[in-house]
Amino acid sequence: MPIELSSAANYTIQELVDAYNQTRVDYMVPMPMNAARLAEYIQVYDVDLTHSLVAKDQDILVGLGMLGLRPEKSWITRLGLIANQRGNGVGQALMEGLLKNSDDLCIPQVYLEVIKGNTPAHSLFLKLGFKNVRELLILRRAPKEIPKPQSKLYPMNRGDIIFHLNQRTDTHAWTNQTETLAHLKGISGFHVYTESGGHGWLVYQRTFFNLSRLMFDIDQGDPVEIMRQLLIHLHSLHPNMDTYTENIPADDPHLPAFEDFGYIEAFRRVEMYRFPDLK
Amino acid sequence: MANVIVIEDVEDSANLAKKILTKYGHEVLIATNGEEALQLVNSPDINLILLDLGLPDVDGQTLLGVLRRNYGLTDVPIIVCTAWPPDAAQKMAEAYGFDDYISKPYKVVDFMDVVNKFVGE
C-alpha cells in the first residue's frame, strides 16, 4: 500500500507530537516537544493544521509537515520523516503537498528554514524552487556576571511593544515577526537612553525557565554600544536566567555586543524563500 | 557502585544507558523529561547525572542551570549526552559548566570512559 497523505487536522495534538518526536530522534539538534509545547507552537506561529500534512504508511504516521499561514505569506515548518522513510520520495511528496496547499490559497511567498548541514533537506528545498536568502543564528547565554549599566532604562507597556515591533523595517524570520510576538504571553520590553543621546529598545519573553525571543532596534547612536547597554540592562534585571534567542541574521551588526556578554552560537539555519508562479 | 540519574526522553537511548550502567554495577533512575528530573533529583545520594540536551519540555542547558542554582546540585557531576559535533559540545560545556559530554550514538567503551572519570570503575 502506498504512503498516504492527509490533513494534520485529522489527528490529535498528542498523535502529531508523538510522530514529530519520532522523526527527530536522530537529529543533531532534535528539538523534541510535548503536547503543550506543540499546541503553543501552533498558536504562536499561526500553524494551520487543516493545510498541514501527515504521511501515513498503513496505520503508522511516518512523517509530517506543517504550514503556517499569515497574510500574503506561508511558512513550512516541523517537516520530518522517521529514519526508515527517508530517501524514498515521501519527503518530496509532503513538500509538494504543502506547496500545493499554499499555492491553492494564492500565497505569493513561502518561507522555510533548514538547519545548516542538513544537506538532504536543503537539496530537496533547492530542487523545489526555494532560494537561499541568508543564514540565521541561534544564540544561547548561560547566566554570568555583567557590568553595571551606563544608561537609563524606561519600561515599555504592551502597546508600546507592539508599536515598536511594527515600526521595524528590516525583514524578520517568521519566528520573530510581529504576529508571533503579538501572540505571546509574558513579553516585556524597555527603552535605553544614553547620556550621549543614544537610544534603543529591547523586547523579550520571560518564561519560568529562561529568557527568549530577543527583539531589538537601535535608532540613535553606535549600534554595538547601544546593544551592549540593552543587554546589560536585560541581564541585570534577570541575572540568573538562561537566555536563548533564535534566528538573528549572521550579518547582524549588533552581534559583537552579544559576543561580549557570553552569547555563543548553538547552531545556525539557512533561511529560504520561494516565490511561486501563481498565474 | 554509584547512583545515577539518566535524563533522556528517547526510550531506546535511556534503556541503552541503563543497560550499560547496570552492567557495571550502578543503580539507575530514568527521567524522561525535565519535570520528572526535578522530582528525581530530590533523591538522596545522587552521584552522577547524565543529561540529554534535547528534552520535550525544557532544553538540557536550561535544566542544568536549574539543577545547579535552584536545586543546589553544585557538587554532583553532570555529563551531557549529545549528537552535537565535539567542538560545539565543548563550547557549550565551557559556557554552561557541564562536567563532560558523551557523544551520541553511544559507544560502550567511550561511554564508560567518561562515566568512570566521575564514579570510578
Side-chain angles (χ1 to χ4, degrees), chain A residues 13-14 16-41 80 82-83 115-118 137-144 205-212 238-246 258-259 261-268, chain B residues 7-17 31-38 51-74 78 80-99 101-106:
Chain A
I13 297 293
Q14 191 60 54
L16 295 174
V17 82
D18 288 345
Y20 166 76
N21 286 341
Q22 283 301 312
T23 68
R24 299 292 172 123
V25 163
D26 56 339
Y27 271 40
M28 185 184 82
V29 187
M31 297 183 286
M33 305 181 100
N34 57 23
R37 277 179 107 176
L38 181 59
E40 183 190 29
Y41 190 95
I82 63 172
I115 291 177
K116 190 173 182 186
N118 184 350
L137 305 183
I138 289 72
L139 303 178
R140 303 197 63 109
R141 178 185 183 273
K144 59 196 299 187
Q205 184 181 29
R206 183 187 174 181
T207 65
F208 178 73
F209 284 121
N210 54 24
L211 308 176
S212 60
H238 308 287
N240 295 319
M241 298 290 278
D242 187 30
T243 308
Y244 171 92
T245 194
E246 61 180 337
F258 286 86
E259 290 163 10
F261 295 133
Y263 282 80
I264 56 175
E265 179 183 327
F267 61 97
R268 62 175 67 195
Chain B
I7 307 171
E8 166 66 75
D9 63 310
V10 178
E11 191 177 354
D12 288 350
S13 297
N15 288 340
L16 178 58
T32 60
N33 55 48
E35 189 180 345
E36 287 180 15
L38 294 180
L51 172 62
D52 176 29
L53 284 186
L55 296 170
D57 55 348
V58 58
D59 62 69
Q61 293 95 325
T62 300
L63 181 61
L64 181 135
V66 172
L67 295 175
R68 294 275 201 233
R69 286 190 304 277
N70 302 52
Y71 283 72
L73 297 179
T74 50
I78 299 180
V80 156
C81 304
T82 179
W84 290 27
D87 55 341
Q90 187 60 43
K91 195 168 62 171
M92 204 62 74
E94 286 165 13
Y96 278 86
F98 309 152
D99 291 282
Y101 67 92
I102 295 173
S103 296
K104 288 182 170 181
Y106 298 141

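What you see is a predicted model; the values in this text were computed from it and never measured. Per chain, numbering begins at 1; letters A, B, ... match sequence-line order.
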Engineer: Of all the heavy-atom pairs spanning B/Tyr96 and A/Thr243, show the shortest one and how long it is.
Structural biologist: OH-O, 4.0 Å
Engineer: Please give me the minimum heavy-atom distance between A/Arg140 and B/Asp59, naming the atom from each residue.
Structural biologist: NH2-OD1, 3.0 Å
Engineer: Please classify the contact of A/Phe208 with chain B as side chain, backbone, both or neither, using a heavy-atom distance under 4.5 Å.
Structural biologist: neither
Engineer: Below 4.5 Å, heavy-atom pairs only: which of B/Leu55, B/Leu64, B/Leu53, B/Asp9 has the largest tally toward chain A?
Structural biologist: B/Leu55
Engineer: How far does CZ of A/Phe209 sit from CG of B/Asp57, to the nearest 0.5 angstrom?
Structural biologist: 6.5 Å
Engineer: So, taking the atom named CD1 in A/Ile264 and the one named CD in B/Gln61, what distance separates them when rounded to the nearest 0.5 Å?
Structural biologist: 8.0 Å
Engineer: Would you please name every residue forming a side-chain contact (heavy atoms from CB on, under 4.5 Å) with B/Thr32, sequence neighbours left out?
Structural biologist: B/Ile30, B/Glu36
Engineer: Using every non-hydrogen atom in the two residues, find where A/Ala266 and B/Trp84 come nearest and quote the distance to one decimal.
Structural biologist: O-CZ3, 3.8 Å
Engineer: Go through B/Val66, B/Thr62, B/Leu63 and name the one with the most non-hydrogen pairs under 4.5 angstrom from chain A.
Structural biologist: B/Thr62
Engineer: Extract all donor-acceptor atom pairs below 3.5 Å that involve side chains of residues 85-95 of chain B and protein atoms in other chains or at least two apart in sequence.
Structural biologist:
{"unit_1": "B/Gln90", "atom_1": "NE2", "unit_2": "B/Glu94", "atom_2": "OE2", "d": "3.4"}
{"unit_1": "B/Lys91", "atom_1": "NZ", "unit_2": "A/Glu265", "atom_2": "O", "d": "3.3"}

